[in-house]
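For reference, positions follow the sequence shown, starting with 1. A quick note: this is a predicted structure, and the numbers were derived from the prediction, not measured.
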Amino acid sequence: MTKQLLTFKEANEYLGFKSPASLRECINQGLPFVQVANSKKIDIDDLKAFIKEHKISKTTEKASL
């Protein structure tokens, strides 16, 4: 069984970030998180959707230049 909710540390590792500031920036850009009592978690499905929504293809990149 795969974990559905990741700690911020686990989400950081999943994304390959070394700094917590990078994950905070993703949250500022709309990555949702779940808060239960004092614990904050990120739903793996939300994380995957966020990655998909922010993926930049060469076609998209050329259009913005």
Side-chain angles (χ1 to χ4, degrees):
M1 185 172 153
T2 305
K3 283 179 75 170
Q4 186 65 30
L5 297 175
L6 304 176
T7 64
F8 278 23
K9 182 179 179 180
E10 291 169 332
N12 233 20
E13 290 171 4
Y14 182 88
L15 292 167
F17 293 154
K18 302 216 184 292
S19 167
S22 300
L23 184 61
R24 280 194 301 271
E25 181 59 30
C26 290
I27 292 169
N28 289 339
Q29 291 182 25
L31 176 63
F33 62 89
V34 178
Q35 184 165 357
V36 179
N38 292 335
S39 178
K40 294 179 182 175
K41 308 278 184 175
I42 296 181
D43 188 310
I44 189 72
D45 293 335
D46 290 338
L47 187 55
K48 289 177 181 179
F50 183 83
I51 292 168
K52 189 173 182 178
E53 290 169 10
H54 288 80
K55 188 178 284 188
I56 299 173
S57 68
K58 287 185 178 184
T59 307
T60 306
E61 193 174 291
K62 286 180 184 176
S64 66
L65 294 177

Between CZ on residue Phe50 and CG on residue Asp43, distance to nearest 0.5 Å: 14.0 Å
Glu10 side, atom CD; Lys41 side, atom NZ - distance, nearest 0.5 Å: 6.5 Å
Worked check of side chain to side chain contact (heavy atoms under 4.5 Å, CB included) between Ile42 and Tyr14: CA-CA 11 Å; Ile42 296 181; Tyr14 182 88; over 6 Å; no
Show me the side-chain donor-acceptor pairs of residues 29-40 shorter than 3.5 Å, one per line, residues at least two apart or across chains.
unit_1: Gln29; atom_1: NE2; unit_2: Glu25; atom_2: OE2; d: 3.1
unit_1: Gln35; atom_1: NE2; unit_2: Ala37; atom_2: O; d: 3.3

Validation row: Lys48, Lys52 side chains within 4.5 angstrom (heavy atoms): no
Hydrophobic cluster identity match, Leu5 and Leu15, side-chain contacts under 4.5 Å: no
Atom pair CG/CD1 of Asp46 and Ile51 - distance to nearest 0.5 Å: 11.0 Å
Neighbour count above 12 (heavy atom, 6.0 Å) for Lys3 NZ: yes
